[in-house]
Amino acid sequence: MLNYTLRRLMAVIPTILILIVFCFFLMRLAPGGPFTSERPLPPAVMKNVLERYGLDEPLYVQLWTYLKNIILHFDFGPSFSQKDRTVNDLIAQGFPVTLTYGFFSALFVLALGVPLGVIAALRHNSFWDYVMTGLAIFSQIFPNFVLAPIMVLLFTLSWGLLPGGGWNGGQWPYVIMPAVALGTSYMASVARLTRGSLLETLSAGYIRTARAKGLPERTVLIRHALKPALLPVISYMGPVFVYMITGSVFIDIFFSTGGIGQNFIDAAYTRDYAVILGLAILYSVLTFALLLIVDLIYAWIDPKIRSGL
Amino acid sequence: MTLLSVQDLSIRFRTPDGYVHAVNNVSFDIEEGEKLAVVGESGSGKSQIALAILGLLANNAEASGRILYKGQNLLDLPRREMNKIRAKEISIIFQDPMSSLNPYMTVERQLNEILELHEGLRGRAARSRVLEVMEAVQIPDAKNRLKSYPHEFSGGMRQRIVIAMALLCRPKLILADEPTTALDVTVQAQIMHLLEDIQKEYGSSIMLITHDLGVVAGFCNETLVLYGGRVMERAGTAAIFAAPAHPYTRGLMRAVPNIHDPSATLQSIPGQPPNQTRPLVHCPFAGRCGDSLEACFDILPELSPAPHQRACIRAVEELT
Ligand SMILES: Nc1ncnc2c1ncn2[C@@H]1O[C@H](COP(=O)(O)OP(=O)(O)O)[C@@H](O)[C@H]1O
Ligand SMILES: [Mg+2]
């Protein structure tokens with residue numbers, strides 16, 4: 001298993017390098033640049049600026065410098081649009097925010113979605129199953145950009161229970177609404193996924209065997225059914241978790257949380273190559289890490305996969 | 001001594017298209033130490049009878065009648081009480097060893113959770129009992145295979161594990177639901193021998209479900225023939241083989257390859273299995289029976305008294 005993990009990590013490194021190169025050129029290919037504006041800068045000033053950011057060098061030299069700095073110093077370079085700030089600074093400021101509300105959002109998704117799905121499966125075709133399915137459909141047709149304003153309307157404006165935005169160092173009243181607004185539709189999906197997968201598992205032959213052993217239904221469920229039933233949920237949650245902790249552009253803007261979703265938007269408007277590239281790399285590294293974790297959890301649960309590693 | 005008494009058992013399933021009547025007023029007893037074969041084509045209700053005994057019927061099933069065991073009706077037993085009987089007093093071997101073991105759990109864990117539950121055995125005591133039984137079912141190198149998972153065993157070995165599971169608590173009755181059907185022929189014979197040895201050693205009663213009369217002949221002392229969820233004939237195995245007294249049993253016999261005369265042609269019974277969507281009003285076999293009279297389509301024959309029970313309005317002498 002350790003061997004497998006190392007092998008996978010080794011394979012990820014070249015993939016990420018290729019990705020960096022690809023993004024690097026893609027960005028340069030797009031028309032316009034960080035310093036093009038309505039009113040052209042005087043040529044002397046322009047030359048100065050380009051020189052300062054190394055943009056006057058040939059592309060391959062720029063790429064080489066960029067890669068060298070990342071590999072040797074873990075330095076993603078200066079921001080092109082925000083003076084005196086580096087990409088590392090910006091990410092260090094925004095990422096903890098999105099990581100926090102993203103993590104709690106994922107927690108909310110699992111802590112509510114899985115039990116709801118389990119209850120619906122156990123009581124399937126009963127009142128509670130229909131209530132659950134109704135709720136799931138209801139929250140799935142409310143995307144976060146509809147849900148968030150409604151929540152602010154209720155919890156902030158009407159009842160004054162929660163702050164309508166801001167971050168305040170991540171105190172919990174400020175985390176709740178971003179986390180819930182971001183997670184609700186995923187929570188509904190997880191509940192439905194859990195329900196379907198558990199129903200299927202419960203009809204398996206080995207569940208009948210477990211019952212024939214005389215085990216109480218609770219033990220049958222927890223010891224025999226839950227692990228295999230959660231496999232699809234785990235593979236679903238991998239990419240969703242990456243999406244959540246890298247922040248939603250909408251959440252960051254609507255709640256003014258100041259996460260990296262905000263950085264992404266700013267960088268896109270100002271063509272801040274360095275920031276966009278840095279975020280893209282962060283995103284891909286996290287994606288690879290989560291996919292690896294999902295695979296490892298699979299291998300931990302399923303001995304057939306483990307023996308194939 | 002009667003161990004288990006099935007009385008007037010009927011099982012029907014609720015489906016979107018109405019009821020499916022799978023078992024119709026079946027009665028039979030199993031004596032202590034008896035080896036009873038339940039024979040019939042697939043779909044005749046054999047598995048459902050076994051499942052009903054252990055309270056494992058599907059959710060859409062409705063069972064009526066009585067299944068008496070130690071003075072209690074198993075059909076009314078609450079789950080908590082039923083759990084004390086499952087595996088401990090009555091165990092079951094399912095047909096398909098590929099799906100009846102949990103693929104995510106070691107073989108040892110799947111066995112010792114039974115001992116933990118019913119005997120309170122853990123740790124070393126549990127392991128030694130598990131090993132004892134795994135050796136009894138002739139799993140080679142059992143000691144080193146305790147931590148293996150089901151997929152690391154062949155089909156035959158998995159079925160041995162399932163049998164080991166059924167033996168762990170030395171149950172009074174073992175329900176073996178087509179234990180060899182999913183296995184290839186050489187393995188089938190080995191498993192049947194194994195069951196035979198074990199039955200001798202443990203003295204449990206066995207209800208062997210099969211659609212293969214050939215398997216029955218060497219193994220069971222009593223045979224019950226089921227068709228359309230109804231008992232057609234019940235007698236000692238020797239008596240049934242010597243003088244089958246029901247047209248359906250006779251048809252089944254003709255469909256068994258004859259070892260003494262391999263050139264003899266095999267005849268399958270012509271016609272369709274019975275329609276189970278309506279309650280039975282006449283003999284379910286009448287439509288396929290070569291000996292049927294008009295009356296066979298009006299009367300639902302009752303089972304004649306022991307020792308050789310049969311449900312047919314025609315005299316034995318008149319059958320072809
Ligand atoms: N859950 C169910 N819903 C509807 N019909 C069922 C269900 N389970 C079994 N049956 C029907 O019951 C009949 C008897 O099945 P079974 O006892 O499994 O036959 P076999 O003799 O082959 O073991 C079959 O016709 C089958 O279609
Ligand atoms: Mg069957």
Side-chain angles (χ1 to χ4, degrees), chain A residues 1 118-129 195-235 294-309, chain B residues 47 50-51 53-60 78-107 109-119 147-152 158 161-162 165-166 168-169 171 174-175 177 182:
Chain A
M1 196 106 137
V118 170
I119 292 171
L122 294 184
R123 304 251 175 285
H124 92 113
N125 288 342
S126 76
F127 175 72
W128 287 111
D129 185 17
R195 175 185 180 275
S197 149
L198 183 57
L199 275 178
E200 196 182 314
T201 307
L202 285 176
S203 69
Y206 60 86
I207 296 300
R208 192 169 61 176
T209 307
R211 293 195 178 116
K213 288 173 174 181
L215 295 169
E217 196 59 23
R218 196 159 41 98
T219 313
V220 173
L221 179 72
I222 293 171
R223 197 184 287 166
H224 288 268
L226 216 48
K227 257 203 232 168
L230 286 181
L231 283 176
V233 177
I234 290 163
S235 40
V294 165
D295 284 352
L296 289 178
I297 296 179
Y298 256 73
W300 171 64
I301 292 181
D302 190 341
K304 237 184 271 181
I305 296 180
R306 201 180 321 148
S307 62
L309 297 186
Chain B
S47 296
L51 292 174
I53 293 174
L54 280 173
L56 293 169
L57 287 170
N59 288 333
N60 62 334
R79 171 79 182 255
R80 177 187 283 271
E81 295 302 312
M82 183 53 104
N83 279 344
K84 292 181 191 157
I85 290 179
R86 290 176 179 173
K88 169 81 176 153
E89 310 229 352
I90 304 177
S91 64
I92 185 162
I93 299 165
F94 291 112
Q95 173 170 347
D96 182 8
M98 295 305 173
S99 65
S100 55
L101 291 171
N102 188 333
Y104 305 101
M105 236 186 229
T106 64
V107 162
R109 183 76 188 110
Q110 298 190 50
L111 287 162
N112 72 18
E113 70 175 342
I114 300 177
L115 291 172
E116 193 178 302
L117 182 72
H118 293 293
E119 319 272 346
K147 295 274 177 259
S148 302
Y149 288 88
H151 74 271
E152 297 170 279
R158 282 193 225 186
I161 294 167
V162 174
M165 213 177 248
L168 270 178
C169 303
I174 298 171
L175 311 172
D177 188 358

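Residue numbering restarts at 1 for every chain, and letters A, B, ... go by the order of the sequence lines. Computed from a predicted model, the values in this text were never measured in an experiment.
- Interface residue B:E116: only side-chain heavy atoms are found under 4.5 Å from chain A.
- Of the atoms belonging to B:F94, it is side-chain heavy atoms, and not backbone ones, that fall under 4.5 Å from chain A.
- Residue A:K213 holds its NZ atom at 9.0 Å from CG of B:L168, rounded to the nearest 0.5 Å.
- Remark: B:Q95 engages no residue in a side-chain hydrogen bond (donor to acceptor under 3.5 Å, both in side chains) (not counting sequence neighbours).
- For the residue pair A:P216 and B:L117, the shortest heavy atom distance occurs at CD-CD1, 4.4 Å.
- Contacts of B:R80 with chain A are absent, with no heavy-atom separation under 4.5 Å from either backbone or side chain.
- In terms of heavy-atom pairs under 4.5 angstrom with chain A, the leader among B:Q110, B:M105, B:E113, B:M82 is B:E113.
- A:K304 places no side-chain N or O within 3.5 Å of a backbone atom of B:Y149 that could act as its donor or acceptor partner.
- Scanning both residues, A:A212 and B:I92, for their nearest heavy atoms gives CB-CG2, 3.7 Å.
- At a 4.5 Å heavy-atom cutoff, the contact between B:I114 and chain A is made by side-chain atoms alone.
- In this structure, NE2 on A:H124 lies 6.0 Å from CG on B:N59, to the nearest 0.5 angstrom.
- Contact between B:N83 and A:L215 at its shortest, heavy atoms only, is ND2-O, 3.6 Å.
- Nearest heavy-atom pair across B:Y104 and A:L231 is OH-CD1, 4.0 Å.
- At a heavy-atom separation below 4.5 angstrom, chain B is approached by A:G205, A:Y206, A:R208, A:T209 within residues 201-210 of chain A.
- Within the 4.5 angstrom heavy-atom criterion, only side-chain atoms of B:L51, from C-beta onward, approach chain A.
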